[in-house]
There are 2 protein chains.
Amino acid sequence: MAATLREVAERAGVSVRTVSNVVNDFPQVATETRARVQRALDELGYQPNAVARTLRNGRSGLIALVLPELDVPYFAELTRAVIEQAAVAGYTVVVDQTDGDPVRERELVMRGSRAAMFDGLIFNPLALGGADLRNRASSTPVVLLGERVVQGGLDHIMIDNVGAAELATRHLIELGRQRIAAIGDQFDETRQTGQLRTQGYRAALRAAGRQVIPELVRPTEYFHRADGAAAMADLLALPELPDAVFCYNDLLALGALRTILSRGLRVPDDIALVGFDDIEDGRYSTPSLTTISPDKTQIAKNAVQLLLNRLDGDSSAPAELPADYTLQIRESTTGQDASR
Amino acid sequence: MAATLREVAERAGVSVRTVSNVVNDFPQVATETRARVQRALDELGYQPNAVARTLRNGRSGLIALVLPELDVPYFAELTRAVIEQAAVAGYTVVVDQTDGDPVRERELVMRGSRAAMFDGLIFNPLALGGADLRNRASSTPVVLLGERVVQGGLDHIMIDNVGAAELATRHLIELGRQRIAAIGDQFDETRQTGQLRTQGYRAALRAAGRQVIPELVRPTEYFHRADGAAAMADLLALPELPDAVFCYNDLLALGALRTILSRGLRVPDDIALVGFDDIEDGRYSTPSLTTISPDKTQIAKNAVQLLLNRLDGDSSAPAELPADYTLQIRESTTGQDASR
DNA sequence: AGCACTACTTGCAACGTTGCAAGCCCAGCA
DNA sequence: TGCTGGGCTTGCAACGTTGCAAGTAGTGCT
């Protein structure tokens with residue numbers, strides 16, 4: 001069914017090479033020949049074979065975005081931004097989901113077999129650490145995203161988790177909250193996001209001369225709504241309730257919100273809530289969610305740019321680009337939505 | 001950097017063909033030879049070139065999932081299901097987002113150039129209609145998803161929109177609601193989801209001997225939270241308020257919910273709300289959302305299966321598979337969550 | 001010793017494309 | 001008439017892989 005250059009060439013009575021010249025708009029083709037070839041191309045509905053081109057040219061025009069979970073809104077929104085940025089440069093983005101499964105991460109990123117289809121990779125690791133990534137077999141360029149601290153000598157874009165968490169916590173302190181809890185701490189060595197945000201949380205409390213109350217810092221296994229709901233239920237079972245909670249992402253916060261409201265408590269009157277990621281869900285919840293808003297467009301733009309530089313042969317030292325963030329103050333802390 | 005079969009062959013002192021035999025676990029290789037080749041493979045860190053294999057074999061092991069918007073939770077959740085199903089069969093799914101842009105849809109689906117990298121396509125069209133799809137140039141098999149009625153002689157998986165909408169509306173009628181509104185009607189010829197759901201809505205009202213009140217059926221351009229919020233604001237500006245709203249998806253419902261609550265009205269006491277899609281957000285909103293729940297796993301399973309059949313040469317008549325759905329009754333209509 | 005058979009290994013060609021360099025033909029000029 | 005040059009076209013080879021069929025060597029049997 002799919003016509004090849006050879007078939008077109010036979011039909012037009014020219015060489016394969018000439019057809020290729022027409023397809024690629026080479027100038028050195030006689031007008032009359034070009035017309036004849038074009039007719040044959042149209043009649044046969046010729047479409048270039050992308051695989052053969054890739055093999056020949058060494059470029060596919062595809063870059064892969066490898067993420068833990070696509071149905072986590074933060075990643076979905078980030079994906080949109082990456083696709084938009086890559087399209088500007090004429091690249092098509094292809095997304096793959098690892099579920100943080102080390103086997104899948106390894107297959108996609110470390111070994112070249114599947115990765116080799118793509119000119120480059122943008123990768124948000126969950127399970128793979130710096131040690132793994134340093135001895136990557138594939139030579140496909142990679143840009144790392146996300147909070148995991150990886151010292152792999154690779155390009156890396158992240159946000160200042162400690163600083164952002166400190167900012168979020170300070171906001172709650174400045175509102176006069178006395179018992180500020182945190183949801184999302186992690187111990188697992190491969191999941192450092194939680195640890196970094198806890199650092200920031202502690203730093204803010206210390207800076208304000210407050211004590212860190214261990215039972216108010218709740219670990220969770222994942223960062224999903226269900227984890228937030230469960231952790232909040234634990235907090236509400238304490239003899240003395242918190243009057244504010246910093247959740248390490250918006251999904252945790254939305255889960256916590258659900259639990260708080262279902263117990264008949266009010267947000268922010270009884271408990272103030274801050275999230276992290278600024279996903280759309282948090283802008284439409286009631287109350288809307290105060291949150292740390294990472295500049296996703298900037299992250300995407302930098303990631304794509306860094307990768308394209310590598311594809312163009314840039315071999316300078318690996319870059320570590322911090323991304324900007326702001327605190328979006330909404331109803332869940334002040335009762336007012338300043339972002340509308 | 002990337003070693004080829006030839007380099008490995010030279011190092012091991014055997015032919016290229018023998019190395020290939022080792023790589024592919026052909027039995028007819030002497031143990032001693034196999035060991036020597038294996039050592040060379042390891043030393044050079046050989047990784048098969050996927051592009052060359054694809055060109056040679058005509059199979060890439062990749063299928064593309066082409067969707068309008070990845071950051072719409074319904075699609076994100078569906079994507080997860082498709083990836084899981086495809087993985088079972090050893091296929092890797094690659095996702096692309098079109099934003100419903102006809103140009104992008106056409107480039108990805110109609111013309112073979114980019115599509116040719118993939119063995120097959122699962123496509124949820126937004127802009128492209130049956131007429132477009134019928135004269136597709138590419139021979140890559142496609143399975144269509146979603147509500148658009150496409151009579152293109154292609155495999156297609158959809159849910160019974162009319163029936164589902166009727167079920168949702170009937171639920172509101174049975175609760176005794178008197179003024180039932182609808183949000184999400186569409187006129188645009190290429191967006192038939194809204195029209196089909198309006199059909200179901202009307203059918204349910206008629207069956208109950210009710211009149212359809214035109215001003216209670218609100219069109220929206222998109223199916224996003226913002227559209228739902230705006231449409232609900234319009235409904236609340238009517239002289240006589242509705243006491244129930246059927247929203248054509250959960251995002252519309254969440255937007256509407258936000259508007260209702262911000263006006264100090266209660267759900268479901270003052271206004272009951274039903275959505276469509278059963279996204280996770282709706283399970284964690286307060287109140288949680290009564291909704292039509294399409295069986296996403298079934299949809300994904302059927303889509304992948306249908307596609308794999310085509311890849312295996314199945315040339316039977318195109319199938320139209322309906323997917324199952326249920327009504328999940330939660331707090332937004334009854335105040336009780338029956339699904340927990 | 002000769003033959004058949006098995007066990008293993010190999011060269012060739014092809015998948016569809018494009019870079020390279022050479023080729024052809026005709027016009028223009030001496 | 002012969003030579004040069006430009007405009008246009010072409011064949012070859014290669015990207016890295018694998019199917020096919022043929023090749024070699026060694027073994028066992030008669």
Side-chain angles (χ1 to χ4, degrees), chain A residues 1-38 40-41 44-61 111-119 138-140, chain B residues 1-38 40-41 44-61 111-119 138-140:
Chain A
M1 166 73 199
T4 69
L5 283 185
R6 167 152 53 199
E7 288 160 7
V8 176
E10 276 167 17
R11 184 174 193 109
V14 295
S15 76
V16 168
R17 194 59 252 239
T18 298
V19 179
S20 172
N21 287 340
V22 172
V23 170
N24 293 300
D25 264 335
F26 269 54
Q28 295 278 72
V29 179
T31 326
E32 195 267 336
T33 311
R34 181 180 299 275
R36 189 151 36 96
V37 170
Q38 191 58 56
L41 285 170
L44 292 176
Y46 173 79
Q47 291 300 135
N49 180 316
V51 176
R53 279 191 167 171
T54 302
L55 178 60
R56 178 64 235 228
N57 299 334
R59 286 278 181 108
S60 67
R111 309 175 56 76
S113 44
R114 278 285 154 78
M117 287 263 176
F118 309 111
D119 296 341
S138 164
S139 58
T140 310
Chain B
M1 169 71 200
T4 69
L5 282 185
R6 168 152 53 198
E7 289 160 7
V8 176
E10 276 167 17
R11 184 174 194 108
V14 295
S15 76
V16 169
R17 194 59 250 238
T18 298
V19 180
S20 173
N21 286 341
V22 172
V23 170
N24 293 300
D25 265 335
F26 268 55
Q28 295 278 70
V29 180
T31 324
E32 197 267 336
T33 311
R34 181 181 298 275
R36 189 151 39 94
V37 170
Q38 191 57 56
L41 285 169
L44 293 177
Y46 172 79
Q47 290 301 135
N49 181 316
V51 177
R53 277 192 169 170
T54 302
L55 178 60
R56 179 64 236 229
N57 300 334
R59 286 280 181 106
S60 66
R111 309 175 57 76
S113 44
R114 277 286 155 77
M117 287 263 175
F118 310 111
D119 296 342
S138 164
S139 58
T140 311

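In what follows, every chain begins at residue 1, and chains take the letters A, B, ... in the order their sequences are listed.
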For B/Asp119 and B/Thr140, which heavy atoms make the closest approach, and how far apart are they? O-CG2, 3.4 Å
Let me check something: any side-chain donor-acceptor pairs from residues 23-32 of chain A under 3.5 Å, sequence neighbours excluded? List them with distances.
from, atom 1, to, atom 2, distance (Å)
A/Asn24, ND2, A/Ser20, O, 2.9
A/Asn24, ND2, A/Ser20, OG, 3.3

Check the pair B/Tyr46 / B/Val19 against side-chain contact (heavy atoms from CB on, under 4.5 Å), numbers first and verdict last. CA-CA 11 Å; B/Tyr46 172 79; B/Val19 180; 6.0 Å; no
If we ignore hydrogens and angles and just use 3.5 Å, is the side chain of B/Ser60 paired with the main-chain N or O of B/Met117 as donor and acceptor? yes
Within the 4.0 Å limit for protein heavy atoms, which parts of nucleotides 6-19 of chain C are touched? Write it as a string from 5' to 3', B for base, S for sugar-phosphate only, - for none. --BBBB-BBBBBBB
Under a 3.5 Å cutoff, is there a donor and acceptor pairing between the side chains of B/Arg17 and B/Asn21? yes
